[in-house]
Amino acid sequence: MNALAPSSLDPLLPSPLEPVEDERFTRYGVRLLLKRDDLIHPDLPGNKWRKLAPNLAAAAGRPVLTFGGAYSNHLRATAAAGRLLGFPTTGVVRGDELAGRPLNPSLARCAADGMRLLFVDRATYRAKGEPEVLARLLRHAPPDTFVVPEGGSNAAAVRGCAELGRELRDGGVDVAAVACGTGGTLAGLAAGLGGGRRAVGVPVLKGGFLGGEIRTLQEAAFGGPAGDWRLDERFHFGGYARTAPGLEAFAEDFEARHGLAIERIYVAKLLYGLVALAEEGAFPAGTALAAVITGRPDPGQPSAASR
């Protein structure tokens, strides 16, 4: 088995920090910058690289089992890493009803990269952290399999994402914003930014649970709270993988203004939220505001209200 370190995949680090002129920000004296984490690696872009790399280093070439939904960027990145570095992967997919259907393009990519897909009902998926449930799932994976949590978010991943905060701090950023799924990226980003700067998270799921998850992750990674961060939960558009005509129109307009293809599930919601916050006066004049572009559009992901 090829046990190469993740660094052998030659990531582009630090990722570029690009200023963009957008009158929806400049009219308030706010300077918008795009942190192009989507350019880190063609198969493991953005926060997926930052969270997976320390976990794969810990796995040291062993098989990996992890978790995600039908459109999970994390599952695709893990499958790609397995193909590139030569280790077996198992993906536990939420929704046993998907087992009898043709694979969507996202899951088809996972399968093409060699990932074994294990579809489970939602009750089992919610209980995946319970020892007996996890043990049952591991029976479908090779011996000595290393478990990576959903979204890759654990203490190692959070410490990996702290480097993102340090890169932004060194780039002169005052406020850094990121879309949030499991909260690991924000937990590390806020810690790396250090004093005098703040982080804003835009959850793409509804439910109001994410603050507690972030505090738990920071406790595990750093021994307690780290950095100045807040969440704004108004921009999930109904939940994960859900969108709306207004969001689609916004994304198309941003693409036309700046020549950048916008991923809909995370990045579009982040940018939409930042425009709204700027209009509300959330950023004082003179603020250098960085939006973390965590990924690229994928043809398998929904781009209209669905699911």
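At a threshold of 4.0 Å, the pair D144-R62 counts as salt-bridged, since one of the basic side-chain nitrogens sits closer than that to a carboxylate oxygen. Note on E233 versus K269: no salt bridge recorded, every NZ/NE/NH1/NH2 to OD/OE distance being 4.0 Å or above. Ionic pairing of R109 and D113 is present here: one or more N-O contacts between side-chain nitrogen and carboxylate oxygen are shorter than 4.0 angstrom. Between R122 and E97 there is a salt bridge, since at least one side-chain N of the basic residue sits less than 4.0 Å from a carboxylate O of the acidic one. Under 4.0 Å is where a charged nitrogen must lie from a carboxylate oxygen, and between E252 and R257 no such pair does. The residues R126 and D121 are annotated as not salt-bridged, no charged nitrogen and carboxylate oxygen being separated by less than 4.0 angstrom. A salt bridge links K128 with E150; the closest basic N to acidic carboxylate O contact falls under 4.0 Å.
Under 3.5 Å, the side chains of T294 and D37 contain no donor-acceptor pair of N or O atoms. With 3.5 Å as the limit, one finds no donor-acceptor pair spanning the side chains of T90 and H140. Donor-acceptor pairing under 3.5 Å is recorded for the side chains of N154 and N55.
In this structure, the side chains of L137 and L118 come closer than 4.5 Å at one or more pairs of heavy atoms. With contacts defined as side-chain heavy-atom distances shorter than 4.5 Å, the pair W229/Q218 qualifies. Counting heavy atoms from C-beta on, the side chains of R116 and P88 never come closer than 4.5 Å. Taking 4.5 Å as the limit, every side-chain heavy atom of T66 sits out of range of all side-chain heavy atoms of T89. A 4.5 Å side-chain heavy-atom check between L189 and L168 finds at least one atom pair inside the cut-off. With a 4.5 Å cut-off on side-chain heavy atoms, N73 and Y266 count as touching. Using a 4.5 Å cut-off on side-chain heavy atoms (C-beta onward), L39 and P16 make contact.
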Dump the intermediate steps for side chain to side chain contact (heavy atoms under 4.5 Å, CB included) on F222 and V158, then the final yes or no. CA-CA 9 Å; F222 310 117; V158 170; 3.5 Å; yes
Which is it for F87 and F146 under the ring pair (Phe, Tyr, Trp, His ring centres under 6.0 Å) test, yes or no, and what are the steps along the way? CA-CA 11 Å; F87 60 86; F146 185 86; 9.8 Å; no
Could you walk me through whether L13 and E167 satisfy the side chain to side chain contact (heavy atoms under 4.5 Å, CB included) test, starting with their C-alpha distance in whole Å, then the side-chain angles of each, then the deciding distance to 0.1 Å, before giving a yes or no? CA-CA 9 Å; L13 291 170; E167 290 175 19; 4.1 Å; yes
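In this structure, the separation between CZ on F237 and CD1 on I265 is 13.5 Å, given to the nearest 0.5 Å. Separating the CG atom in L117 from the CG atom in L103 is a distance of 6.0 Å, to the nearest 0.5 Å. To the nearest 0.5 angstrom, L56 atom CG is 7.0 Å from T78 atom OG1. The CD atom of E163 sits 4.5 Å away from the CZ atom of R166 when rounded to the nearest 0.5 Å. Here H258 contributes atom NE2 and L34 contributes atom CG; the two are 7.5 Å apart, rounded to the nearest 0.5 Å. With rounding to the nearest 0.5 angstrom, the CZ atom of R230 is 10.0 Å from the CG atom of D228.
Within 6.0 Å of CZ in R31 there are 12 or fewer heavy atoms belonging to other residues, nucleotides or ligands.
A continuous path of Ile, Leu, Val, Met, Phe, Trp and Tyr side chains, each step under 4.5 Å between heavy atoms, connects I293 with I262, placing both in one hydrophobic cluster.
Screening F25, F254, F235 against V275 for a side-chain contact (heavy atoms from CB on, under 4.5 Å) leaves a single residue, F25.
Judged by the 6.0 Å and 45° rule, R94 forms a cation-pi pair with Y125.
A donor-acceptor contact shorter than 3.5 Å is absent between the side chain of N47 and the backbone of R50. Although no hydrogens or angles enter the test, the distance criterion places no donor-acceptor pair under 3.5 Å between the side chain of K206 and the main chain of G239. In terms of modelled atom types and a separation under 3.5 Å, the side chain of H41 and the main chain of D43 share a donor-acceptor contact. Checked by atom type and distance alone, the side chain of T287 never pairs as donor or acceptor with a backbone atom of F283 at under 3.5 Å. With hydrogens and angles ignored, the 3.5 Å screen pairs a side-chain donor or acceptor of R296 with a backbone N or O of P42. Side-chain atoms of E255 do not come within 3.5 Å of backbone N or O of G259 as any donor-acceptor pair. Panel note: side chain K51, backbone G184; no donor-acceptor pair is recorded below 3.5 Å.
Annotation for G201 and L186: closest pair CA-CD2, 3.8 Å, computed over non-hydrogen atoms.
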